[in-house]
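Just so we're on the same page: letters track the sequence lines, and every chain starts at 1. Side chains included, hydrogens not; waters and symmetry mates left out as well; all remaining heavy atoms used.
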Amino acid sequence: MADAPRSQNFLTEIVERDIAAGVNGGLVVTRFPPEPNGYLHIGHAKSILLNFGLARRYGGRTHLRFDDTNPTAEDVEYVESIEADVRWLGGDWGEHLHFASDYFERMYQCAERLIREGKAFVDSQSQEAIREQRGSFERPGVNSPCRDRPAAESLDLFRRMRAGEFPDGACVLRARIDMGHENVLLRDPLLYRIRHARHHRTGDAWCIYPMYDYAHPLEDAFEGVTHSICTLEFESNRALYDWVLDNLGPWDPRPRQYEFARLALGYTVMSKRKLLQLVAEKRVSGWDDPRMPTLAGLRRRGVTPEALREFTEIIGVAKNNSVVDIGKLEYAIRGDLEGRSPRALAVLNPLPVLLETWPAGEVRELEVPWWPGEPGRGVRKVPFGRELLIEREDFSEDPPKDWKRLAPGREVRLAGGYVIRCDEVVRGEGGAVVALRCSHDPASLADPSRRAAGTLNWVHATRSASAPVRLYDRLFSVEQPDAAGDFLTVLNPDSFKLAPAARLEPALAQAEPGSRWQFLRQGYFYADPVESRPGAPVWNRTIPLKDTWASRGAAHPEREPRRPRKEPAAAAPRRSRAELRAEARASDPALAARFSRFREALELAEEEADLLAAEPATAAFFEEALAAGAPPRPAARWLANELAGLAGGRPLGSLPLSGAGFGRFVALVETGRVTPAAGKLLLSTLLERGGEPEGLVSELGLEKVTDRGAVEAAVARALETRRAEADRYRAGEKKLFGVLVGAAMKEIQGAADAALVRQVLQERLG
RNA sequence: UGAGGCGUCGUCUAACGGCAGGACCGCGGACUUUGGAUCCGCUCAUGAAGGUUCGAAUCCUUCCGCCUCAGCCA
C-alpha cells in the first residue's frame, strides 16, 4: 500500500490515545474479517483501507481472516476472489492469513471451560421455544428449563453434540448470562449450533459450529488483535463481545471493538442479497459487470485502487449514518485517470464530413501528441484526409447561444489538425442531416494563434477502425434504490449501451488489454482485460468526462427539498426521564420530601430540584454539600451543570470528591476566593486526583487575582503569544476578541475577574 | 415500546469552552487546439427550546428526528 491515510478521525484518536497510554504496549493490530460467502464491494473497500491504513500508519499489522463459521453459506470460490480483491487494493497481510475454522478446536475447549464454570449450558429445547422465551424489547425473557442443568450433564451433552449423536437443531450451547437483560443479545445467547454440513476447509471434522458472537472475539484474542473495527450495526453486540473475552481471559493484548458507519452510496445498492440477486437474475453480466459496485466490477470498469483510496480519504470515517454522493466517487476516479490516460481520438456517433478543399485521395499523417501540449511525452500519426467523421452531437443546424461547436457557416478546429468551416448541409430522404460539406484552412495546422469557436474530436472515415465500445452509466436511476419498494423497478435502463458505429483512430488498435485512455472530449476508456484480443481491444467506458455544457440548465440533478421536520407526534405515550424521576418520587416518600424541601425551603428552580431529588445518592451528596457550608442554589447549579458533565456518567459515590468536599468547593467560589472560571479548573482537578479544595487552591495558585498589575501582565503575555490574532482584531476582526479573552484567561488560569480582563484587554487594544 | 447509537452547508467531514474550516456538487470568472484539466472567486450549515458561563456546535435539561438490536446469519 502506498501512503498511509493522512486524515484524522475518531479511530485515529482512539489509537493515538491508546499508544500514548501504553495500552497493549503500544501495539496496533487490526483485521479484515470477511465471511467467504460473496464478493467484496466498495463498502468493504472502505473497511479494508481503514483497517490496513490504520495499522500501517501506527506501525502495526493487519490480518486477513476469513470468518468461516457457517459452512452452509461459504465457499472457496469466494475465498479466492476476496484474497485477490484485498491484494488488488494494496492490502498486505504478510504471514497473517487466517481462518476462523483453524481455531475450532481452541474455541471448543473454551466452550468446555465455560460449561465447567457454570457459564454455559446445553439447551435441548426447540428453536421456537427458545425464541419464545427470549421475550421482546419491553418484555424480559424467561429462563430455559435446561438453564440449571448440572455442569457435568451439559458437558456430556456438549461432547455428544460434537460427536455427532444429535441431528441438526436438537440442542444448542447457550451462555448463561441474564434472561432479563435489557440488551436482548445478552439473554443467554447461543454459542454453538449443530450443523451436519461439509465445511469448505474442515470437511466433515465438525458438526457443531460456533456462532459469530462467540467466535469473533475469540478469533481476535487468539490473534492478538488490539483494535477490532466493525460497522455500527454491531454496537449492541459489543456487550457480548466483552462478556466472552472477560469470561475466557486473561488476554494480552485484550482486543477492543469499535464501530464506524459503513458506506452507503447513491445510485447503487450494497447488500449482498441484492447484489447476488442482480447476478442470479442476470440483470448484469456477472459479479464483475462494470456497473456493479463490487471491487471486481469496479476493476473491470477501469477504476484503479488509487482512485478508491482517494475516494475513501475524501469521505472520511465517522459514526453518522450517511449516504455518500456518487459524485465524490466519480470525482476521485476522474482525478486519478486524468494523470494516467493518454488522449486518443475516437468518434462514438459519427457524422460524415466532406472536406471539399482537400485533394481527393490524399491522406496526410498528422503528428499528434498523446498529451496535448506535451509532445515530449510521445506522439503518434493520425491519418487526415478528405473524408472525415465528427460526433453527430457536435453539429447543430440551429445552434443555441454559446454554441462552441460546428454549425452552418461556422468554424471549429479538429483536435490536432486544421480549422474547418461548414459550408453546406447534405440531407437524406427524410430531410435528415446525413453529411456536411466543409472547407479547411491550410495555414491553420500548427498555428495556435488561429482561433476557432471550439475544438472537436474526429477520425478519418476509412483510415479508422470500428471496435466494440461499451458505455456504462449508473446502475440505478434513483439515488436511493433501497428506498424503492422493489429495487429492480428502478434499474437504469440506459446503464449499458453499445456504440455500434464508433470509429477509433488506428493507433488504438494496438492498445494493450488493461490500458487506460481518454477518448478526447468523451471520457476515460479501459481496454477490457478479459475480452480484448491482440490488435482488437474491447472498450469499456470507465467514466465520461465532466460535461458542464450538458449539465447546464436542463438536466440539473433536481435537488430534493430538505425534508420538512415532522410535526411533533400527537401525544407520545413514552415516559421521559423527567417522568421517570417523578415516578421514583411518587414511590419513595423520602425523595418526595426532599424534592419539596429543595423546591420550597431552598428555593431551587424546579429543574434543579427535580434533578437533585432524582435518586437518594444524588440527594445525599447534595445535602452533604449543604452541610459543609455551600449555599443551596449555587451548589445546585454546580452540581447539575458542571459536576454532572465532568463525572461523565460515573456515579457520584465513586468520585474522589465527597459531598462535603464539593460543598467546601462551592463555598470557595461563592465567597469570592475563587472565580467561576478558576473554579472549573479546580473542580476538574479535584475529580481527577481528589484532595482538599482549600489546599488545592493554594497549590495551583487559583486564588482570585485582585491585583490589576497581574491582570495587565497576563493580558500582555496573551497579546504576545496571540500577536497575529491581535493584529487582525485591530484591523477590524472584532470577533477575535473572544479568542484574546480566552488566551488571557488561560494565562492567569481563569483566576481573574473576566470583566476586568475584558476591560484591560479593551484598553490595551485601543 | 426496552436498550444502544447518531443529528454541522444540497452531500461527506473538521472544530474536544474562544475565528463554524475543508472537500464534492452548484454558480461566476481566468486560462485553454478537450465545454476536460488547472487557477481564482461566490453561494450555502450547528434539529428545537431553555439553562450554566465573560464566552456554547461543544457542558446541563427537555423536546424532535433518524439508525441498529427480539436468526440455531455474519
*Any residue meeting side chain to side chain donor-acceptor pair (under 3.5 Å) with A/Glu608, in chain and number order, not counting sequence neighbours*: none
Can you pull every protein N or O that's under 3.5 Å from an N or O on nucleotides 48-51 of chain B?
from	atom 1	to	atom 2	distance (Å)
B/rG51	N2	A/Asn641	OD1	3.3

*What string of B, S and - do you get for nucleotides 69-74 of chain B 5' to 3' if you count protein non-hydrogen atoms under 4.0 Å?*
BBSBSB
*asked:* Tell me which residues in residues 410-419 of chain A lie within less than 4.0 Å of RNA chain B, going by non-hydrogen atoms.
replied: A/Arg413, A/Ala415, A/Gly416
*Does A/Gln518 make a side-chain donor-acceptor contact with the base of B/rU34, cut-off 3.5 Å?*
yes
*Pairwise salt bridge (Lys or Arg N to Asp or Glu O under 4.0 Å) hits with a residue in residues 315-338 of chain A, at least two apart*: A/Glu235-A/Lys319, A/Glu259-A/Lys319, A/Glu330-A/Arg474, A/Asp336-A/Arg340, A/Glu338-A/Arg343
*Contacts of A/Ser228 that satisfy side chain to side chain donor-acceptor pair (under 3.5 Å) - sequence neighbours left out*: A/Arg31, A/Asp220
*Starting from Watson-Crick (N1-N3 plus N6-O4 or O6-N4) and G-U wobble pairs under 3.5 Å, report the runs of at least three that RNA chain B belongs to.*
B:2-7 with B:64-69, B:10-13 with B:21-24, B:26-30 with B:38-42, B:47-51 with B:59-63
_Which residues in residues 333-347 of chain A have a heavy atom closer than 4.0 Å to any atom of RNA chain B?_
A/Glu338, A/Arg343
Show me the donor-acceptor pairs within less than 3.5 Å that the side chains of residues 729-736 of chain A make with the rest of the protein, sequence neighbours left out.
from	atom 1	to	atom 2	distance (Å)
A/Tyr729	OH	A/Gln762	OE1	3.4
A/Arg730	NH1	A/Asp727	OD1	3.4
A/Glu733	OE1	A/Arg728	NH2	3.1
A/Glu733	OE2	A/Arg728	NE	2.9

_Pair listing, salt bridge (Lys or Arg N to Asp or Glu O under 4.0 Å) test, anchored in residues 743-759 of chain A, at least two apart_ = A/Arg717-A/Glu747
*Excluding sequence neighbours, so at least two apart, what forms side chain to side chain donor-acceptor pair (under 3.5 Å) with A/Asp242?*
A/Arg254
*Begin from the C-alpha positions of A/Glu35 and A/Asn70 and carry the test side-chain hydrogen bond (donor to acceptor under 3.5 Å, both in side chains) through to its verdict.*
CA-CA 9 Å; A/Glu35 181 186 16; A/Asn70 181 5; 4.5 Å; no
*Strictly below 4.0 Å, heavy-atom distances to any atom of RNA chain B: list the hits from residues 741-748 of chain A, or just say none.*
A/Val741, A/Gly742, A/Met745, A/Lys746
